[in-house]
Number of protein chains: 2
Amino acid sequence: MADINFSGTYPAPDSRAPEGRSGAVRSGDLHWDIIELLFFAYRDFVGDADHELEVFGFGRAHHRVLHFVHRYPGLKVADLLDVLRITKQSLGRVLKQLLDEGYIVQKTGNNDRRQRLLFATAKGEALVGKLAGLQTDRITRALREIRPEGAETVRQFLRAMIDQDDPDKVLETILRTAGPNSKERA
Amino acid sequence: MADINFSGTYPAPDSRAPEGRSGAVRSGDLHWDIIELLFFAYRDFVGDADHELEVFGFGRAHHRVLHFVHRYPGLKVADLLDVLRITKQSLGRVLKQLLDEGYIVQKTGNNDRRQRLLFATAKGEALVGKLAGLQTDRITRALREIRPEGAETVRQFLRAMIDQDDPDKVLETILRTAGPNSKERA
DNA sequence: AAATTTATGTCAGCCATATTGACGTATCTT
DNA sequence: AAGATACGTCAATATGGCTGACATAAATTT
């Protein structure tokens, strides 16, 4: 019976479990490595911002709202709901905090006066810029590890990882910018 | 004052907010695009598994536990806590469910009988394999969009995005496997 | 003009997942 | 024998999701 020594290292990820494994699952063609790399990379990536947000008494939800409002000034509440894929009740709480504490302001729409267009204040931009700075530092460090063309390869990969069907308006903007027919196309 | 038309498209992401922006934040060298691509890519990537997990009454936490137990058979509870970066109280609940429902089994350590070594059962492997299959399909699709060498570039980028200091044992295994001195090194 | 739809906000409650602190027990180490 | 370690558990709390219901103002349709 597999008696593995756990004092130091683990068995190679592909070693067998003692009980045997279900033969039903495909085992050779699964991208286990990239799945795990994505987990760890994203964990540490958002960790940068999370630590800083604690200081302000905010969570990841606040960051996401502030980020997209900053990046797409005049965003409507409905659009934010599409992007974040949460309910308006959930959004309401964090949005109210950001409004109350002066990180975001609302502005009644000119075409449609029902709309509350959202804008980041200077205070909000300062915070979101600080957070983006932390995350940019990590990205910059990572890009140094690969060839110069690698940056565009990474962008293409990440874009292709995103659901292309039924994109909301923000996502459409992102996908359109240097989209499918970019420079480094094969 | 910026009167933006919201009926169709958004302004380019770099357009100015109406109130002006804090000049204190650096604005030219921030990797806004990659920050957003990571957000959307990860959102859809984990979404694949999330949908399937709902069927089983499980959440993302169950997936992570099952994944790492499957990949690193004989994982200790303490190691799992290191990897997932949660408290043992949080882990306790999901782990208990997975044990009760037969996705994972415990085995007392041979060297140290205090340890509860964790292994995925056939049932557990079937589930984690199914989930990995969904995520692999997305990754495979994405890799088709880039040059063949691009896959290794993506791995290098993701590895470099991970905190290299103080890696736990699982992470050490991952980083060691085809680590810093891999083939496609510049 | 009246009816309907849309955009937004809010109240009330529920659930999953995380947290901290305290304590208990078995086992290994010194 | 004493202390440290690995794990489990009880209790209380916070955050960030959720659903359902309802209200208001403004736009749109009839």
Side-chain angles (χ1 to χ4, degrees), chain A residues 5-7 43 46-47 49-51 53-66 69 74-100 104-119 168-169, chain B residues 5-7 39 43 46-47 49-51 53-66 69 74-101 104-119 168-169:
Chain A
N5 173 16
F6 295 93
S7 57
R43 182 191 69 173
V46 296
D50 285 348
H51 298 321
L53 285 160
E54 267 184 37
V55 181
F56 294 80
F58 288 154
R60 206 173 290 176
H62 300 85
H63 184 196
R64 292 197 287 245
V65 170
L66 196 50
V69 168
L75 206 61
K76 289 182 296 180
V77 170
D79 298 326
L80 213 36
L81 293 177
D82 280 346
V83 174
L84 302 182
R85 298 213 181 142
I86 57 176
T87 58
K88 67 180 167 179
Q89 294 87 337
S90 296
L91 175 61
R93 269 179 314 197
V94 298
L95 187 54
K96 190 172 190 308
Q97 274 184 274
L98 290 168
L99 289 163
D100 288 348
I104 283 179
V105 288
Q106 286 181 333
K107 191 167 165 301
T108 300
N110 297 37
N111 307 332
D112 186 336
R113 296 181 24 123
R114 292 172 303 181
Q115 298 172 344
R116 305 296 150 81
L117 311 184
L118 303 171
F119 299 91
D168 53 66
K169 285 188 289 185
Chain B
N5 174 16
F6 295 93
S7 57
F39 169 78
R43 181 190 71 172
V46 295
D50 286 348
H51 299 321
L53 284 160
E54 266 183 39
V55 181
F56 293 82
F58 287 153
R60 206 173 292 178
H62 300 86
H63 184 196
R64 292 196 287 244
V65 170
L66 197 50
V69 167
L75 206 61
K76 288 181 297 179
V77 170
D79 298 326
L80 213 37
L81 294 176
D82 280 347
V83 174
L84 302 182
R85 297 211 182 146
I86 58 176
T87 59
K88 66 180 167 179
Q89 291 86 342
S90 296
L91 175 60
R93 256 175 317 104
V94 297
L95 188 53
K96 190 172 189 310
Q97 276 184 274
L98 291 169
L99 287 164
D100 289 349
E101 301 187 30
I104 284 179
V105 288
Q106 286 181 333
K107 189 166 167 301
T108 301
N110 297 35
N111 306 332
D112 187 335
R113 298 181 25 134
R114 291 171 304 182
Q115 298 173 346
R116 306 294 151 84
L117 311 183
L118 303 170
F119 299 91
D168 52 67
K169 285 188 288 182

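When reading the values below, keep in mind they use all heavy atoms of this one structure, side chains included, and skip hydrogens, waters and symmetry mates. Values in this document were obtained by computation on a predicted structure and should not be read as measured data. Here is the naming used below: chain letters follow the sequence lines, and residue numbers restart at 1 for every chain.
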Undergrad: Under the side-chain contact (heavy atoms from CB on, under 4.5 Å) rule, what do B:Arg116 and B:Lys76 come out as? Steps first, then yes or no, please.
TA: CA-CA 6 Å; B:Arg116 306 294 151 84; B:Lys76 288 181 297 179; over 6 Å; no
Undergrad: Hey, are A:Asp82 and A:Lys169 close enough for a salt bridge, meaning a charged N less than 4.0 Å from a carboxylate O?
TA: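 Answer for the salt bridge query: no.
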Undergrad: Atom CZ of A:Arg114 to atom P of D:dA26: distance rounded to whole Å?
TA: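 Distance check: A:Arg114 CZ to D:dA26 P gives 10 Å.
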Undergrad: Quick one: does A:Thr108's side chain get under 4.5 Å of A:Gln115's, heavy atoms only?
TA: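 Not touching, per the 4.5 Å side-chain cut-off.
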Undergrad: Could you state the atom-to-atom distance from CG of B:Leu80 to P of D:dG8 in whole Å?
TA: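 For the pair B:Leu80 CG and D:dG8 P, the rounded distance is 11 Å.
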Undergrad: Measure the distance from CD on A:Gln115 to P on D:dA26 and round it to the nearest whole Å.
TA: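 These atoms are roughly 13 Å apart.
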Undergrad: Under 4.0 Å from any heavy atom of chain B: name the first and the last nucleotide of DNA chain C that qualifies, 5' to 3'.
TA: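 So the outermost contacting nucleotides come out as C:dT17 to C:dC28.
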Undergrad: Would you say that A:Val65 contacts A:Ile104 through its side chain, given a criterion of any heavy-atom pair below 4.5 Å between the two side chains?
TA: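 A:Val65 reaches A:Ile104 side chain to side chain.
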Undergrad: Which heavy-atom pair separates A:Gln106 from A:Leu118 by the least distance, and what is that distance?
TA: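 The answer is CG-CD2, 3.6 Å.
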Undergrad: Taking only N and O in the side chain of A:Arg113, is any of them less than 4.0 Å away from OP1 or OP2 of D:dA26?
TA: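 So the side chain of A:Arg113 is within the cut-off, an N or O lying under 4.0 Å from OP1 or OP2 of D:dA26.
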Undergrad: Can you see which heavy atom on A:Leu75 is nearest to which on A:Val69, and at what distance?
TA: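 Closest approach of A:Leu75 to A:Val69, heavy atoms only: CD2-N, 4.3 Å.
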Undergrad: If you take all heavy atoms of A:His63 and A:Leu53, which pair is closest and at what distance?
TA: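 Closest heavy-atom pair between A:His63 and A:Leu53: CB-CD1, 3.6 Å.
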Undergrad: What pair of heavy atoms forms the shortest contact from B:Ala61 to B:Val94, and how long is it?
TA: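 So the minimum-distance heavy-atom pair works out to CB-CG1, 3.8 Å.
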Undergrad: Round to the nearest Å and state the distance from B:Lys76 atom NZ to D:dT5 atom P.
TA: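 So the two atoms are 12 Å apart, to the nearest Å.
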Undergrad: Please list, in numerical order, the residues of residues 81-100 of chain B that have a heavy atom closer than 4.0 Å to any atom of DNA chain D.
TA: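 Heavy-atom contacts with DNA chain D come from B:Lys88, B:Gln89.
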Undergrad: To check you understand the geometry: which heavy-atom pair defines the closest contact between A:Leu98 and A:Leu66, and what is its length?
TA: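 Answer, listing the atom of A:Leu98 first, then A:Leu66: CD1-N, 4.4 Å.
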Undergrad: Do B:Val77 and B:Leu95 touch side chain to side chain, with heavy atoms closer than 4.5 Å?
TA: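 B:Val77 vs B:Leu95: side chains touch.
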Undergrad: Within the side chain of A:Arg43, is there an N or O that forms a donor-acceptor pair under 3.5 Å with the backbone of B:Arg85?
TA: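 No: the side chain of A:Arg43 does not pair with the backbone of B:Arg85.
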Undergrad: Within residues 53-62 of chain B, find the residues that approach DNA chain C with a heavy atom at under 4.0 Å, and present them sorted by residue number.
TA: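 Contacting residues: B:Gly59, B:Arg60, B:Ala61, B:His62.
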